[in-house]
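Encoded as structure tokens, the structure appears first; notes follow it.
Chain letters run A, B, ... following the sequence lines, proteins first, then strands; residues in each count from 1.
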Amino acid sequence: MTPCRLSWPSPGDFSRPPELNQADDHGALQRPRGRAALAEDMGRAGHFPHPQRGSPYPSGRIHMGHVRNYAMGDVVARFMRARGFNVLHPMGWDAFGMPAENAAIANKVHPRQWTYANIEAMRSQLKSMGLSLDWTRELATCDPGYYKHQQKMFLDFLRAGLVERKQSKVNWDPVDQTVLANEQVIDGRGWRSGAPVEQRELTQWFFKITAFSDDLLAALDRLERWPEKVRLMQQNWIGRSEGLRIRFALDPETTPSREKELEIFTTRHDTLFGATFMAISPEHPLAAAAAKSNPALKSFIAETRRTGTAEALIETAEKLGFDTGIRAIHPFEPARKLPVYVANFILMEYGTGAIFGCPAHDQRDLDFVNKYRLPVIPVVCPDGQDPAAFRITDTAFEGDGFMINSCFLDGMRVAEAKEEVARRLERERRDGRPVGERQVQYRLRDWGISRQRYWGCPIPIIHCETCGIVPVPDRDLPVKLPEDVDFDRPGNPLDRHPTWKHVRCPSCGGPARRETDTMDTFVDSSWYFARFTDPWIETAPTNREVVDTWMPVDQYIGGIEHAILHLLYSRFFTRAMRATGHIGLDEPFAGLFTQGMVVHETYRTADGTHAEPAEVEIKVEGDRRYAVLAATGEPVEIGPIEKMSKSKRNTVDPDDIMGTFGADTARWFMLSDSPPERDVIWTEEGVQGAGRFAQRLWRLVNDIAEITAAEARPGKDRQAALEIRRDAHKTLDKVTRAIEDLRFNTAVAFMYSQANLLEMAVRDAAGRGGATAAEQAALREAGDMLVKLFAPMMPHLAEECWAGLGHTSLVAEEPWPTLDKTLLIEDTVTLPVQVNGKKRADVTVARDAGQPDIEAAVLELEAVRRALAGKAPKKVIVVPQRIVNVVA
RNA sequence: GCGGACGUGGCGGAACCGGUAGACGCAAGGGACUUAAAAUCCCUUGGGGGCAACCCCGUGCGGGUUCAACUCCCGCCGUCCGCACCA
């Protein structure tokens, strides 16, 4: 492909910049390499930057969040390429999911049609950004050519024991007769029907992510290029805790039929003597047994199912309990009988679904106890407190201390008491088993992947009445989604399809039916990075030689909202792929960066509706800033700055922005204003400023081209030329390090400064009647360098500038400039001088001046003498190359 | 509720490992150019005091450590994100 170059304006006309971004397929800007390059790629050092939305959901239009994400990824890609790395920079589509089905229901459009139309639209939008992507690797997860491999891996995982079926809860809409996602449950009701949601148990497919709990946790320490906060969030999510399982005997007189004991899990066995009640989950078998003869309890349990399945809702709901009448016997004090409650905040998924409650040392237990008027026994006394006077009323004491009211534990520290309780209960046996057993418990639950929806990857399983669960043979993959489906009725179209699910059993040939659940779309996005390394191979999910060469992804860039689920699932999936021979490593992402969102002001009209930024005109009068509707002049209230969203109507359309300002300006602004990990506020003024700077660069480059092409002014003074070179190399050094650390906003600031300096240098030389030969050489070097520095961020403008400086190559293919370190070293150094920690003066000394020389020079300073008022300083602290502090 | 972050001028932010707080940009004000406007260029711009030199205060709030704190420690307040079927 030949580079498409835009015309340089006629000589002398430098008032207008070139029309930017007309050429979408700048040859070297977008880098298709294709399958033929696979062998070549493997022989070279690889760098694999990957936008986390490297497979965005094809919603129809890109939004500014995409622009920011891809701009960052592209800077890294271009920067690394310039530094000699072979870069894999792919793009694809995470194309399954609910919005396609919603569109199908709302607009009678087939999900496939809707999705592919969106992909077309978004691809062309992305291309106008000038991203250096390898489009030959493009993939869509809804393509049978992709999900075929996913089905294969599902079966491999099944054979490896990493898949299982078990019961789990879903949100059930009793009117629509359908399963709802958490986001479809609003205030406990189905979003479409408005009917109160119920929890329902379904048998579903799970990936056994808990098989890797320990490793997923331990390996976090080795992910050195991940943000600490993400590692911490994952650590807490996995939630390893060491505790004790304790079997409480139940008082037979209070207990239904065969139930003899209640097993609980605790991490606070030191507080066992402080236990005043037991609590079990509404789904606990004991709760069900007790409810059989207790209608009130039965309806209480039914009521708890109304909350839906979202943990945030369960946890924030009012804490409710119901006394079952059952009494548990305290393991150390058989005379003490503890009431067993069913409580709506005990999760069956964690531990044994049962706890003992120690209100004095757990806030939630205390709140519960205060509500149901149960006793509180403090058993841990804070250090320095008088145990006799220590009372707990509204605030539980959760810290360390010494044991009280605890029989043989009294006086011990918390840790000692835990150990003693564990030791005693381990020794004590009942029915041939120890009463207490130490256990490592994880909060992490297995990954339920079943979805009762059409637009997802079919789970390749056949249910046979005689053979049971039969995997679809590899030769029959992919199990394709049927095309002829209707969305007229709620529920899963696969389930009610007239023919699709009826098949012969591959094992016995008898009548059987297909699994109608499809996979969670998180599965699709848990391995696309691996597929990108060889998306052409048809016989296997990955080409081992290729995938092991490229992986892991060097730099993954995405939003913090993915900190846990997507990233943890991908880490699991990679391990599972390794266990089944599809990849040779555990960790998919060596470097992770979490970017902030793009936010914007909101505008509210008098009638309470939101107005779009494009409809609003901002006016400024002195200090007062206000908004009106552009069409009518009607005043508009400027609301809070919020994440761009359709509902708040505070979005700006990347197409509009790029059409008005050009892609380079949009990219530059996205990178310039805020640190990349923080939210960036989209403002019209900000993007205009970025546009002005693009124009300034253009003029500057033209001025440099002009002054260096003119005849050199005779002269021997090399100082000016040296200064130009020093500034250029200092900037190179700073920008390089900033981009290495992904501090794009500071890289931008350094380039602004350098442009200021270069403009001044050009003007100074012009004022002297032209540049000397030495200055011309220095300006040429500095000009080339500046263009190379901003090229990763504004690729189109950079190509034009590069050509304008007389080069015939493409700057996108040029190496990064080489730093001359000798230019960074100055002969003298200026140190700030403080008196008692406050800056009073500067002192300039030789770079290698010794401490006594610096001290002497500092004490001579007028400001220092004034501050000391004739007295001798107490101390003079000299931090070499940094600062001097005089302590008066 | 649990977990995680963030808080610096009028605004976005900078400050490497505890060492000059406010780089750079935006906005605003003043000036130059222009018949005029736009564009461009120059100057000013944290608050207070002073003719000036210069001084005092200042990084959400309250304490602490240090020669020195935006940075470290303790306690608050506020905002945002995640919570397993949104992607």
Taking a pair to mean Watson-Crick or G-U wobble geometry with both distances below 3.5 Å, B:rA32 pairs with B:rU40
Side-chain donor-acceptor contact under 3.5 Å, A:E283 with A:Q167 = no
Using a cut-off of 4.0 Å on non-hydrogen atoms, how would the nucleic acid contact of A:G239 be classed: base, sugar-phosphate, or nothing?
-> nothing
When the C1' atoms of B:rA14 and B:rG25 are considered, how many whole Å apart are they?
-> 11 Å
Distance-only donor-acceptor check, side chains A:S672 and A:N745, under 3.5 Å | no
Partner of B:rC6 under the Watson-Crick or G-U wobble criteria, both distances under 3.5 Å, comes out as B:rG78
Just checking A:L232: base, sugar-phosphate only, or nothing, at a heavy-atom cut-off of under 4.0 Å?
-> sugar-phosphate
Considering only the P atoms, how many Å lie between B:rA15 and B:rC6, rounded to the nearest integer?
-> 14 Å
What interatomic distance, in whole Å, is found between P of B:rA69 and the corresponding atom of B:rG22?
-> 16 Å
Sorted by chain and residue number, the ring-ring contact (aromatic ring centres under 6.0 Å, His included) partners of A:F522 (sequence neighbours excluded) come out as A:Y569
Going 5' to 3' along nucleotides 37-54 of chain B, which nucleotides have protein heavy atoms under 4.0 Å from the base (write B), which only from the sugar-phosphate (write S), and which from neither (write -)?
-> ---SSS-----------S
Check the distance between B:rC85's C1' and A:H566's NE2 and give it to me in whole angstrom.
-> 17 Å
Using 4.0 Å as the upper bound for N to carboxylate O, is an ion pair formed by A:R699 and A:E759?
-> no
Go ahead and name the base partner of B:rG50; Watson-Crick or wobble counts if both distances stay under 3.5 Å, otherwise write none.
-> none
Are side-chain N/O atoms of A:T304 and A:N344 paired as donor and acceptor at under 3.5 Å?
-> no
Interatomic distance, A:M98 CE vs B:rC85 P [rounded to whole Å] | 11 Å
Round to the nearest Å and state the distance from A:F522 atom CZ to B:rA84 atom P.
-> 11 Å
Aromatic ring proximity A:Y556/A:F593, centre distance under 6.0 Å | no
Base, backbone or nothing for each nucleotide of nucleotides 68-79 of chain B, written B, S, -, heavy atoms under 4.0 angstrom, 5' to 3'?
-> S-----------
What about A:Q204, does its side chain sit under 3.5 Å from the base of B:rC85 through a donor-acceptor pair?
-> yes
Report yes if a side-chain nitrogen or oxygen of A:R364 is closer than 4.0 Å to either non-bridging phosphate oxygen (OP1 or OP2) of B:rG1; otherwise report no.
-> no
Just checking A:A310: base, sugar-phosphate only, or nothing, at a heavy-atom cut-off of under 4.0 Å?
-> sugar-phosphate
Check the side chains of A:Q234 and A:R571 for a donor-acceptor pair under 3.5 angstrom, ignoring hydrogens and angles.
-> yes
Distance between P atoms of B:rG82 and B:rC73 (Å, rounded) | 27 Å
Counterpart base for B:rG19, defined by Watson-Crick or G-U wobble contacts under 3.5 Å = B:rC67
Using a heavy-atom cut-off of under 4.0 Å over every strand shown, decide if A:V185 touches base, sugar-phosphate, or nothing.
-> nothing
How long is the line joining CG of A:D446 and P of B:rA84, in whole Å?
-> 16 Å
Please determine, for the side chain of A:W237, which listed nucleotide (B:rU20, B:rC83, B:rG3) has the closest atom?
-> B:rC83
OP1, OP2 of B:rA23 versus side-chain N and O of A:N745: anything below 4.0 Å?
-> no
Taking the same atom, C1', in B:rA39 and in B:rU34, what whole-Å distance lies between them?
-> 11 Å
Remember a base hit wins even if backbone is also touched, and classify A:T521 as base, sugar-phosphate or nothing at under 4.0 Å, heavy atoms.
-> sugar-phosphate
Distance between P atoms of B:rA21 and B:rC41 (Å, rounded) = 31 Å
Would you call A:R443 and A:E311 a salt bridge, using N to O less than 4.0 angstrom?
-> yes
Just checking, any donor-acceptor pair under 3.5 angstrom between side chains of A:W191 and A:D173?
-> no
Nearest-nucleotide check on RNA chain B, A:T830 vs A:E183; residue mapping nearer the 5' end is A:T830
Taking atom types as they are modelled, is there a donor-acceptor pair under 3.5 Å from the base of B:rC85 to the side chain of A:Q452?
-> yes
Paired to B:rG1 by Watson-Crick or G-U wobble criteria (both distances under 3.5 Å) is B:rC83
If you measure only the distance, is there a donor-acceptor pair under 3.5 Å linking the side chains of A:N171 and A:T309?
-> yes
A:V884 or A:E228, whichever maps to the more 5' nucleotide of RNA chain B = A:E228
Do the side chain of A:T518 and the main chain of A:R453 share a donor and acceptor less than 3.5 angstrom apart?
-> yes
